[in-house]
Amino acid sequence: MSTPIVPHVTSEIGNLEAVILHTPGPEVENMTPGNAERALYSDILNLPVAIEEYQQLSGVLNMISQTFQVKDLLTEILLDPEIKVSLIERICTHEKVLNIKEDLLSLNNKELATQLIEGVAIKRDSLTTFLSDERYALRPLHNFFFTRDASVTVYNQVMISKMANKVRERESIIMDAIFNYSPHFKTSTINPMNTWHVGTETFIEGGDVLIARDDILILGNGTRTSTQGIDFLAEQLKTQKGEKHIVVQQLPESPESFIHLDMIFTLLDRDTCMIYEPLLRHENSYATILMTFENGIVKEISRQSGLLPCLKSLGMDLKPVPCGGTDLWQQEREQWHSGANFFATGPGKLIGYARNVHTLEALNKVGFSILKASDVINNKTKLSDYEKYVVTIEGSELPRGGGGARCMTMPIRRSTVAW
């Protein structure tokens, strides 16, 4: 086996070296319109089309980076009997289904990994289970292809997320096991679930964690990341020397397309960002807060006049590109389908949905070439021929899950950016 990867992410735009993905499987179809909302979906997906679209994302990433699949990593660690027992006990205890523990232990590692992701069918062996409306003892992880949320590389550590919704908590437990036991990684993890004083109001998800620079974190505060979750992450910075900054952007509770900061704001290049203008440029009641740390001590907490002015005061003068272009109607439509949710594979090198045509036009106007993922994968287009570009993937089904290219990627390692 090759040398284990030491996590290292000090920006959103450093050249991508390693990333964790999860190709959507039957778990995304293991729901009905009646329980889609409980699964955090606004619609149900067509799996064959979703996979076809996802393969454009993974196909491009396979060409430029080392990629890992969650299911493969999970299957591998479950070969170890001690890890298998420990993980099953943790999941069954957490989800209060100890009655199925022995059934899970009897499965081989491959089948166990499959069921932990796709769901474990309920056994109709008692009056209670016979009369239950539930289909699963362990519900499917419908959202796991959004690998961004359950864990996040913060500088040289991996933070395991404390998810806001119970239906997603097993994702974090699985990622915790992977980072603690996989031979592919050499890292220390920080996990709010393992901290005794963390309360029920503490939750934080990767879609709200943006690493702007090695001294600046930008965090969203909304329905998925609480102030207590931000305080937990801030506590981890207290071992850091020098001056560090956390910029907190408050988010609306509705609509659901605003669930994470990266649905309204992503970093594209050293001097360029994507924004949803109605929220970040117009007057509103959603505060921007700057927390400044000096050698681990909170030096100052202050309210700022907005996200972009705050970043400018810290030496990041970013040119905003409007999601949806200049028309308010199109801005709202394209933000709904993850039009602001771009994933940078390097400075000025992006992946996003082809459907958001007005957003792509806005990017093209500021110098980004628009390339088709299918052409890149088939070697009709060479990425090395372009300095700045957006690789577009098809997106008729994937956006129905509520996320874009950044949501579907969990970078483990990026090169350091020369600012």
Side-chain angles (χ1 to χ4, degrees), residues 5-14 148-163 172 175-176 179-180 185-222 224-251 260-262 265 267 287-305 307 309-316 410-419:
I5 293 170
V6 177
H8 176 81
V9 174
T10 55
S11 76
E12 288 289 311
I13 61 168
R148 173 68 57 169
D149 294 330
S151 59
V152 54
T153 307
V154 182
Y155 303 128
N156 297 313
Q157 292 182 299
V158 172
M159 183 190 73
I160 306 300
S161 301
K162 176 69 167 62
M163 309 296 261
S172 293
M175 295 310 298
D176 188 42
F179 279 111
N180 285 325
F185 312 118
K186 183 180 180 181
T187 186
S188 62
T189 57
I190 51 178
N191 189 343
M193 291 192 292
N194 295 341
T195 306
W196 67 268
H197 63 272
V198 164
T200 56
E201 294 303 309
T202 300
F203 41 90
I204 184 167
E205 298 186 358
D208 280 319
V209 181
L210 279 71
I211 300 165
R213 211 168 59 190
D214 57 4
D215 62 330
I216 303 173
L217 284 177
I218 312 173
L219 305 179
N221 167 219
R224 301 294 184 90
T225 296
S226 63
T227 56
Q228 293 90 339
I230 291 171
D231 284 338
F232 170 83
L233 183 53
E235 189 74 22
Q236 313 311 309
L237 294 183
K238 291 189 174 178
T239 59
Q240 305 269 338
K241 299 295 182 185
E243 193 170 73
K244 302 286 182 183
H245 308 278
I246 292 180
V247 181
V248 179
Q249 178 61 51
Q250 290 186 335
L251 302 172
H260 291 130
L261 177 61
D262 66 7
F265 176 84
L267 292 155
T288 304
I289 308 293
L290 175 61
M291 303 174 68
T292 299
F293 299 79
E294 186 71 54
N295 295 321
I297 306 298
V298 178
K299 184 178 169 185
E300 186 181 5
I301 301 178
S302 60
R303 188 178 289 258
Q304 302 289 303
S305 60
L307 181 55
C310 178
L311 291 172
K312 185 176 181 179
S313 73
L314 299 175
M316 292 193 77
M410 191 287 189
I412 314 159
R413 190 169 180 88
R414 291 182 181 270
S415 63
T416 301
V417 173
W419 295 100

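When reading the values below, keep in mind they use all heavy atoms of this one structure, side chains included, and skip hydrogens, waters and symmetry mates. Computed from a predicted model, the values in this text were never measured in an experiment.
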- Message: Minimum heavy-atom separation for G229 and T202, please, with both atom names.
- Response: CA-CG2, 3.9 Å
- Derivation of the side-chain contact (heavy atoms from CB on, under 4.5 Å) call for M410 and V158: CA-CA 10 Å; M410 191 287 189; V158 172; 4.2 Å; yes
- How would you list, by chain and number, every residue that makes a side chain to side chain donor-acceptor pair (under 3.5 Å) with N221, sequence neighbours excluded? none
- Quick one: side chain to side chain donor-acceptor pair (under 3.5 Å) partners of R414, sequence neighbours excluded? none
- Query: side-chain contact (heavy atoms from CB on, under 4.5 Å) with S226: which residues, sequence neighbours excluded?
  - Reply: F203, Q228
- Message: Whether the side chain of N295 engages the backbone of G242 through a donor-acceptor N/O pair (distance < 3.5 Å, no angle test) should be reported.
- Response: yes
- Flag, side chain of S161 to backbone of M163, donor-acceptor distance under 3.5 Å: no
- Nearest-0.5 Å distance that lies between atom CD1 in I160 and atom CD1 in I204: 12.0 Å
- In short, V152 meets G206 closest at the heavy-atom pair CB-CA, 4.3 Å
- Any side-chain heavy atom of I301 sitting closer than 4.5 Å to one from L290? no
- Item | Residue list, salt bridge (Lys or Arg N to Asp or Glu O under 4.0 Å) with D208, at least two apart or on another chain | none
- Message: Within the 4.5 Å heavy-atom criterion, are F232 and T227 side-chain neighbours or not?
- Response: no
- Query: Got a sec, which residues hit side chain to side chain donor-acceptor pair (under 3.5 Å) with E235, two or more places apart in sequence or on another chain?
  - Reply: K238
- Residue pair M175 / A150: nearest heavy atoms and the distance that separates them: CG-CB, 3.9 Å
- Can you tell me how far NE2 of H260 sits from CG of L219, rounded to the nearest 0.5 angstrom? 12.0 Å
- Message: I'd like to know if the side chain of D176 reaches the main chain of S172, judged simply by a donor and an acceptor atom lying under 3.5 Å from each other, with no hydrogens or angles considered.
- Response: no
- Message: Suppose we screen for side-chain contact (heavy atoms from CB on, under 4.5 Å). Which residues come up paired with I190, at least two apart in sequence or across chains?
- Response: Q157, M159, L233, Q236
- K299: what forms a salt bridge (Lys or Arg N to Asp or Glu O under 4.0 Å) with it, not counting sequence neighbours? E243, E294
- Item | side-chain contact (heavy atoms from CB on, under 4.5 Å) partners of T288, counting only residues at least two apart | V247, Q249, Q304, L307, C310
- Note on the structure: Separation between CD (Q250) and CG (L261), nearest 0.5 Å, reads 12.0 Å
- Item | Separation of H245 NE2 from M316 CE (nearest 0.5 Å) | 11.5 Å
- Item | Minimal non-hydrogen separation, I211 against V154, with atom names | CD1-CA, 3.8 Å
- Query: In chain order, what residues pass the side-chain contact (heavy atoms from CB on, under 4.5 Å) check against K186, with sequence neighbours excluded?
  - Reply: P4, V6
- Query: So how far is it from T292 OG1 to I216 CD1, rounded to the nearest 0.5 Å?
  - Reply: 9.5 Å
- Which residues pass the side chain to side chain donor-acceptor pair (under 3.5 Å) test with T416, sequence neighbours left out? H8
- Task: State which residues pass ring pair (Phe, Tyr, Trp, His ring centres under 6.0 Å) with F185; sequence neighbours excluded, sorted by chain then number.
- Result: F68, F179
- Item | With sequence neighbours excluded, residues passing salt bridge (Lys or Arg N to Asp or Glu O under 4.0 Å) with D215 | R213
- Determine the minimum heavy-atom distance between T153 and P411, stating which atoms define it. OG1-O, 2.8 Å
- Query: Do we get K244 above Y155's six-membered ring, with its NZ or CZ under 6.0 Å from the centre and within 45° of the axis?
  - Reply: yes
- Task: Compare every heavy atom of V9 with every heavy atom of S11, then report the nearest pair and how far apart it is.
- Result: O-CG1, 3.3 Å
- Distance from R224 atom CZ to K162 atom NZ, nearest 0.5 Å? 13.0 Å
